[in-house]
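For reference, the structure discussed in these notes is given below.
Below, all heavy atoms of this structure are taken into account, side chains as well, without hydrogens, waters or symmetry copies.
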Amino acid sequence: MYRHLERRLTERVRDFLRRTYNLDLPKIVIEQPPKVEFGEYALPLAFELAKKLRKAPRKIAEEIVNGIGAIEGFEKLEVAGAGYINARLNRGEVAAALVADQKLKAEIPPGKVLVEHSSINPNKAAHIGHLRNAILGDTFVRLLQFAGRQVDVQNYIDNTGVQVADVIVGFLHLEKKSRAEIEQLTRQPRFDYYCWDLYARVSQWYEQDKQNQRARIETLHAIEQGGNETAAIADLISTAVLRRHLETMDRLDIEYDFLPRESEILHLHFWDAAFQQLKEKGVLFYESQGKNKGCWVMRRAGVAGKSETAKSAKTDAKDAKHDSGKASQEDDLLREIEMRSGVDIRPSSEPAEGIAEEDQKVIVRSNGTVGYVGKDIAYHLWKFGLLGKDFGYCKFYLYPNGHQCWISSTNGEPDHPHFGDVAEIYNVIDARQSEAQNSVVEALRGLGYNEQADHYTHFSYEMVALTPRCAAELGYQLSEEDSARSYIEVSGRKGFGVKADDLIDRLIASAKSEVDARHPQLTDAERATIAIQIAIGALRYFMLKFTKQSVIAFDFKEALSFEGETGPYCQYAVVRATNIFRKGGVDPDTFSRDGARPVSAAEFAKYLEGESGNEIWELWLAAAKTSYVVDQCIATTEPAYLAKHAFQIAQLFNYFYHRHPILTEADEGRKRFLLATAAVVRRELIRALGVMGITVPPVM
RNA sequence: GGGCGCGUAGCUCAAACGGAUAGAGCAUCGGAUUUCUAAUCCGAGGGUUGCAGGUUCGAUUCCUGCCGCGCCUACCA
């Protein structure tokens, strides 16, 4: 509603400027006035035009206001302050249209969208950082769907990486478990918790003796190669952990369509196909000397053009540091063990002389194995349908609601949905990986796929860390330095963090005791269901209320809060609205559709005018903005705006609720109007919350 | 060293393209409804937007330089 009117206003103004001043402005800025009394839209463009037209801003504003004529849906334009143009909507018409809830058609871009999120290493339990990722990703999926887009949801599974190798080392070398014993263990309810602890122990074991890392390299090698006992055990474990992740996320109503695995990227030789293209197009260079001798490298993303050969004293110093550092031991170990070379590493074309050593990003190691970025490039060529290869597909996980989630496989089932080959992609990956993400984009550009590169969005967000207080609460001993920080980074390697299921459990327990106290008359099952809805609402809202670039310093007290700017606050507003209708014996859904129809636009206008009208109008206006806010969230890849929006509606509604008793209203016409207000706000708030994956309980 | 990001009330965070009096929540203090349940509402205090310059009608926002903090910068993923 709101966005359609804004577009109409923009077009009329642009039209007028062209006609009157022969001006064509690329963009016409439209703001929202600080108070509704000023109108619904504000245009500061007279200030901008003042110089061009050599007139006072106020004069220009007056010319526009007087000359533009009537605009459908608008009451009038007026000049304010030093030259603002404020536009006033016809409140009655807007309210009547909102009640009718007519679907206004918006142009939907063609093509499918692919959102990749979660992508948790399948070697340990998911933690709060993964929750932020999944909640952001899932909400973004819902935003796109709300806007009418068709979306594929993918969760990339790195089942052949070091992290999985580490936990396998734990089972085989520390615990000396047999395959049968491990199989037994994977059946226990929270097998991922077991792995969480074991993974931390393995990291300690590596610390104890660097030689222990030999086991890691050997294990990783075996897993990558496949077709052996170690690989089979790794598959067993990573699959079991993956199932646990899906269960955890399903608790939050987060589902996936397809799980592409690294093992298939490897075994179906995706990389070979990508490597071929990258060599042909000169994106990769073979380095024949220096630190990266024997590697295939590409130019590091963000490094412009040909760099000078000025790599003198600085590079030497860096090398020296490397040799004495403890990293060198690991490097030696890596080199020491001969690895299978699955790809042709012999130099074919030009050397990498054009790129200074520090600007090189190694894609293929000197032992012939391909690194993570390389695999990611191949994967992304597949996403855009540019690889010339496809996965095999198998059914993997059937959600209780009947939705089928597929997984990649070397030998797939013949009948499967078509994944990949999309027009746009969004990768929900934390900010620490932005360089790797940029490298993938640069590789696409290097291959000449500029259009695809333009539709590649790294949905970057900051990590979730723990406050020192929270860490202490969890029983971790902190150094003095750490205690002084405002937050401490979570570390899976150290087993330092809050597990997702633990947090969800605590939220549910906390909500349950509250519901138990408030609604003893309900059955335990009913109360449990409500508690879960509240817990999820609290958690999802918590993860969404921060903007992406803000590091969340996690604290139980804040996360467990159900008051103030929280999900339950928003849910509660809906429950209150529902209660009015229940007590009044009116169905809110049918009322918002049919019952309010008798209230004419003229009547709405009457109740929405004047000072007391302003206050209620503010609520209507907020309710009218949902699709506008959704558009903004998509354009900026920032779901936090929606969280703020929902909170604002809830806040305005609570105020309204307090000020205007509805059921006792004596004036029948006014009562109808107030009921219509509650019905529309309720409907829109449910919608907004729904896009965030938050449902509303019947009572709270 | 280089790259990215951040610095706003006691605390945690907002402020779309540069715009009208920088806003919320929490915490503190003081109030409200025998009414559609108080997971609510109202009020109060609390700010030199890290510092210094610059750009302009106008800067929390853009530019430059400092200061402080975080992340990235591995033949890890």
Side-chain angles (χ1 to χ4, degrees), chain A residues 27 29-35 38 42 44 47 50-51 57 80-84 121 158 161-164 220 262 291-295 297 300-303 314 317-318 322 325 327 330-331 334-335 358-359 361-367 369 371-373 375-376 430-436 438 460 462-463 465 467 485-487 489 511 514 518 534 545-547 549-553 555 557-558 561-566 568-569 571-573 575-584 629 632 635-636 638 640-641 644 647-648 651 654-655 657-664 678 699-700:
Chain A
K27 63 170 182 233
V29 176
I30 297 199
E31 297 165 355
Q32 298 176 22
K35 286 178 177 172
F38 298 159
F47 299 111
K51 218 178 270 173
Y84 275 98
N121 276 308
D158 180 7
V162 251
Q163 293 216 25
V164 167
L220 180 61
E262 190 170 272
K291 182 164 77 84
N292 297 331
K293 185 178 176 183
C295 297
V297 301
R300 190 178 294 286
V303 180
K314 200 165 66 181
K318 201 179 169 189
H322 247 273
E330 292 179 34
D331 293 348
L334 272 167
R335 288 200 192 93
E358 65 262 32
D359 295 341
K361 176 86 192 159
V362 173
I363 302 299
V364 181
R365 303 178 191 112
S366 57
N367 66 15
T369 57
Y372 153 81
V373 174
K375 289 176 230 172
D376 223 22
D430 81 75
R432 286 171 290 195
Q433 294 194 45
S434 60
E435 191 179 292
N438 289 338
S460 168
E462 271 295 346
M463 61 185 171
T467 61
R485 293 175 195 271
S486 56
Y487 57 81
E489 194 173 350
E514 204 63 37
R518 286 162 198 257
I534 293 171
K545 72 191 235 184
F546 302 92
T547 51
Q549 76 276 8
S550 154
V551 175
I552 297 181
D555 193 287
K557 187 165 164 280
E558 243 189 287
S561 168
F562 298 152
E563 286 165 21
E565 195 190 343
T566 66
Y569 176 97
Q571 292 170 313
Y572 186 62
V575 168
R576 283 182 134 182
T578 307
N579 286 342
I580 297 170
F581 289 94
R582 190 179 17 245
K583 273 273 164 70
V629 174
Q632 202 136 69
T636 56
E638 181 51 275
Y641 296 137
K644 291 274 179 251
F647 178 65
Q648 201 205 349
Q651 208 174 25
N654 274 327
Y655 178 71
Y657 178 91
H658 202 260
R659 299 254 308 188
H660 306 282
I662 297 176
L663 297 179
T664 53
V699 294
M700 275 177 81

Describe the nucleic acid contact of [X] in one word from base, sugar-phosphate, nothing, applying a heavy-atom distance below 4.0 Å.
X: Asn579(A); result: base
X: Tyr655(A); result: sugar-phosphate
X: Gln632(A); result: base
X: Lys293(A); result: base
X: Arg582(A); result: nothing
X: Arg485(A); result: sugar-phosphate
X: Val362(A); result: sugar-phosphate
X: Ser550(A); result: sugar-phosphate
X: Glu31(A); result: base
X: Phe47(A); result: base
X: Ile363(A); result: nothing
X: Glu489(A); result: sugar-phosphate
X: Val551(A); result: sugar-phosphate
X: Ala635(A); result: nothing

Integer angstrom distance from the P of C66(B) to that of G1(B):
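To the nearest whole Å, 10 Å.
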Side-chain donor-acceptor contact under 3.5 Å, Glu563(A) with Tyr572(A)
no
Under 3.5 Å side-chain donor-acceptor pair for Asn579(A) and Arg582(A)
yes
Complement of [N], any strand, by Watson-Crick or G-U distances under 3.5 angstrom:
N: G53(B); result: C63(B)
N: G25(B); result: C11(B)
N: G5(B); result: C69(B)

Arg576(A) side chain near A39(B) phosphate (N/O to OP1/OP2, under 4.0 Å):
no
Do we count Phe38(A) as stacking onto A20(B) if the rule is ring centres under 5.5 Å and planes under 30°?
yes
Kindly state whether the ring of Phe647(A) and the ring of Tyr569(A) have centres lying under 6.0 angstrom apart.
yes
Can you find a donor-acceptor pair, distance only, under 3.5 Å between Ser434(A) side chain and C72(B) base?
no
Rounded to the nearest angstrom, tell me the gap between atom OH in Tyr657(A) and atom C1' in U35(B).
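That distance rounds to 9 Å.
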Kindly say whether Gln632(A) contributes a backbone atom to a donor-acceptor pair with the side chain of Thr636(A) at under 3.5 angstrom?
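Such a contact is found between Thr636(A) side chain and Gln632(A) backbone.
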If you assign Val575(A) and Pro34(A) each to the RNA chain B nucleotide with the nearest heavy atom, which residue ends up on the more 5' nucleotide?
Pro34(A)
